Protein chains: 2
Amino acid sequence: MSGSKHSNKTIEIGESLKRKGLSVTDSRKKIMQLFMQQKGALSHSDIEKKAGTAFDRVTIYRTLQTFLDKGIIHAIPSADASVRYALCNDDCAPGHHEHQHIHFFCRQCHQTFCLDDIVTPSIGLPRGYQPQEVDVLVKGVCKNCTTAKKS
Amino acid sequence: MSGSKHSNKTIEIGESLKRKGLSVTDSRKKIMQLFMQQKGALSHSDIEKKAGTAFDRVTIYRTLQTFLDKGIIHAIPSADASVRYALCNDDCAPGHHEHQHIHFFCRQCHQTFCLDDIVTPSIGLPRGYQPQEVDVLVKGVCKNCTTAKKS
DNA sequence: TGGATTTTTGCAACTTTGTTGCTTTTTTAA
DNA sequence: TTAAAAAAGCAACAAAGTTGCAAAAATCCA
Ligand SMILES: [Mn+2]
Ligand SMILES: [Mn+2]
Ligand SMILES: [Zn+2]
Ligand SMILES: [Zn+2]
């Protein structure tokens, strides 16, 4: 961290928001930063905890919705009613997400990861079913937790 | 529900609950029946609507939890924070669900179906990741909606 | 079948999560 | 620098989920 008013990263984040057609505000910068710092995905309540009292709950809801709309983040399905979000790294556009990667939920550290290099398989469906999108969620033990245990 | 008349189905449902080691109550019979009548999966609120004022909300929560624990139903992941449930038709045991099938969410009728004949693909993961379970959720247009449109 | 024992239910009170309308503040663009 | 537009904060509300406890029902056994 330099002593100057703006680090490079802050400038980058601001630029990135502008490129998506969004005005640059403290909460958007902060939430974007949280996603960038984070290896795993974040839920609403994760963000609330990490952001502390800095922002109103409502602002977080609205920011997440905006980021979803603009194709900045995507929602990751889960079976426990707690949706998590992660940055889109493909070129997702406003109104259209295009993700081919799968997600991994670690039962040990309870983090969810985007495995960007693992492409979703094509699924053979019964006659009449028209697929538009495939979500794959693998549960197990993640890389970090596996190697941590070994040593 | 406790009249003198018992249909075959009612007896079957009671037997089925007993086999799972559960006592037979009105709410469990009713909720079990709803799942059996239904082609698609049911959310908590679906059940609340269909059951009307017959049961307390809390009873529905507890019944769903019990059915999950006993391996009678399974939870289906979704990206919109509304978990749906469907009957297990494999031999799921208390404490252990074993499902190999995929799920299909129809964007037109908003129903979720178990495609019991479509087996989950095996996914090649990066080194260090240990998979234990694979959930596949395909979104698109279901068979019913496709054929309905054609005619 | 009756009645003690165990289990489940309903209720109330509460927490958490999510939504909406409105006012003030901040950001943007001229 | 200022006017217009957008976002944030606030409050009030609605929906979803949890917990403890007393009443009701189901099970068990003599
Ligand atoms: Mn992802
Ligand atoms: Mn299923
Ligand atoms: Zn892990
Ligand atoms: Zn359909």
Side-chain angles (χ1 to χ4, degrees), chain A residues 5-6 10-11 13-34 42-70 72-73 75-76 78-85 94, chain B residues 1-4 6 10-11 13-34 42-70 72-73 75-85 94:
Chain A
K5 197 174 170 187
H6 292 296
T10 306
I11 292 172
I13 289 175
E15 286 304 314
S16 151
L17 287 168
K18 269 184 195 155
R19 271 196 299 276
K20 290 286 183 176
L22 293 176
S23 40
V24 180
T25 68
D26 286 352
S27 42
R28 286 176 181 169
K29 279 187 289 187
K30 178 64 179 175
I31 291 175
M32 179 77 100
Q33 195 183 44
L34 288 176
L42 294 170
S43 67
H44 174 97
S45 74
D46 291 336
I47 293 171
E48 219 170 318
K49 279 165 207 143
K50 283 177 191 286
T53 58
F55 309 107
D56 194 85
R57 258 165 18 88
V58 178
T59 300
I60 298 176
Y61 282 114
R62 293 200 265 227
T63 301
L64 288 173
Q65 189 55 56
T66 303
F67 282 9
L68 278 175
D69 293 344
K70 292 289 178 177
I72 295 172
I73 59 174
I76 301 173
S78 87
D80 71 336
S82 73
V83 181
R84 270 162 256 257
Y85 306 89
Chain B
M1 281 292 143
S2 52
S4 57
H6 287 297
T10 306
I11 293 172
I13 288 176
E15 286 305 315
S16 150
L17 287 168
K18 269 184 197 153
R19 271 197 299 277
K20 291 285 184 175
L22 293 177
S23 41
V24 180
T25 68
D26 286 352
S27 41
R28 285 174 183 171
K29 278 188 289 187
K30 178 65 181 175
I31 291 175
M32 179 77 100
Q33 195 183 43
L34 287 177
L42 294 170
S43 67
H44 174 96
S45 75
D46 290 337
I47 293 171
E48 218 170 317
K49 278 166 207 144
K50 283 177 192 286
T53 58
F55 310 107
D56 194 86
R57 259 164 17 89
V58 178
T59 301
I60 298 175
Y61 282 114
R62 293 198 268 226
T63 302
L64 288 174
Q65 188 56 55
T66 302
F67 282 10
L68 278 175
D69 293 344
K70 293 287 179 178
I72 295 173
I73 59 174
I76 302 173
S78 88
D80 71 337
S82 71
V83 180
R84 270 161 256 257
Y85 306 89

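Predicted model, so just to flag it, every value in this text is computed and none were measured. Numbers restart at 1 for each chain; the letters A, B, ... are given by sequence-line order, proteins then strands.
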Comparing Ala81(B) and Asp56(B) on DNA chain C - which has the more 5′ nearest nucleotide
Asp56(B)
So how far is it from Ile13(A) CD1 to Ile31(A) CD1, rounded to the nearest 0.5 Å?
11.5 Å
Between CG on residue Leu34(B) and NZ on residue Lys30(B), distance to nearest 0.5 Å:
5.0 Å
Note: Ser16(B) and Met32(B) closest approach over all heavy atoms is OG-CE, 3.5 Å
Rounded distance in Å - [atom1] ([X]) to [atom2] ([N]):
{"X": "Tyr61(A)", "N": "dA14(D)", "atom1": "OH", "atom2": "C1'", "value": "12 Å"}
{"X": "Glu48(A)", "N": "dA8(D)", "atom1": "CD", "atom2": "P", "value": "15 Å"}
{"X": "Lys49(B)", "N": "dA16(D)", "atom1": "NZ", "atom2": "C1'", "value": "12 Å"}
{"X": "His44(A)", "N": "dA16(D)", "atom1": "NE2", "atom2": "P", "value": "17 Å"}
{"X": "Ile31(A)", "N": "dA8(D)", "atom1": "CD1", "atom2": "C1'", "value": "11 Å"}
{"X": "Lys20(A)", "N": "dA7(D)", "atom1": "NZ", "atom2": "P", "value": "16 Å"}
{"X": "Gln65(A)", "N": "dA6(D)", "atom1": "CD", "atom2": "P", "value": "18 Å"}

NA contact type, Ser27(B), heavy-atom cut-off 4.0 Å: base, sugar-phosphate, or nothing?
sugar-phosphate
Give one of base, sugar-phosphate or nothing for Thr66(A), where a contact means two heavy atoms less than 4.0 Å apart.
nothing
Can you check whether Ser43(A)'s main-chain N or O pairs, donor with acceptor, with Asp46(A)'s side chain at less than 3.5 Å?
yes
By side-chain contact (heavy atoms from CB on, under 4.5 Å) - contacts of Ser82(B) (at least two apart):
Ser78(B), Asp80(B), Arg84(B)
Return the set of residues passing side-chain contact (heavy atoms from CB on, under 4.5 Å) with Ala75(B) (not counting sequence neighbours), or none when no residue passes.
Ala79(A), Leu68(B), Val83(B), Tyr85(B)
Quick one: side chains of residues 47-64 of chain A, donor-acceptor pairs under 3.5 Å with protein atoms, not counting sequence neighbours, listed by atom name and distance.
residue, atom, partner, partner atom, Å
Glu48(A), OE1, His44(A), NE2, 2.9
Asp56(A), OD2, Val58(A), N, 2.9
Thr63(A), OG1, Thr59(A), O, 2.7

State, yes or no, whether a side-chain contact exists between Lys20(B) and Pro94(B) at a heavy-atom distance under 4.5 Å.
no
Can you check each nucleotide of nucleotides 21-30 of chain D against protein heavy atoms at under 4.0 Å and return B for base, S for sugar-phosphate only, - for none, in 5' to 3' order?
-----SS---
When Ile72(B), Ile73(B), Leu22(B) are each screened for side-chain contact (heavy atoms from CB on, under 4.5 Å) with Thr66(B), the one that passes is Leu22(B)
Chain A reaches DNA chain C, atoms under 4.0 Å from its heavy atoms, from dT17(C) to dT28(C)
With respect to the phosphate group of dG17(D), does any side-chain polar atom (N or O) of Arg57(B) fall under 4.0 Å of OP1 or OP2?
no
Between the two end axes of the helix from dT1(C)-dA30(D) to dA30(C)-dT1(D), each built from 5 base pairs, what angle do you get to the nearest 10°?
40°
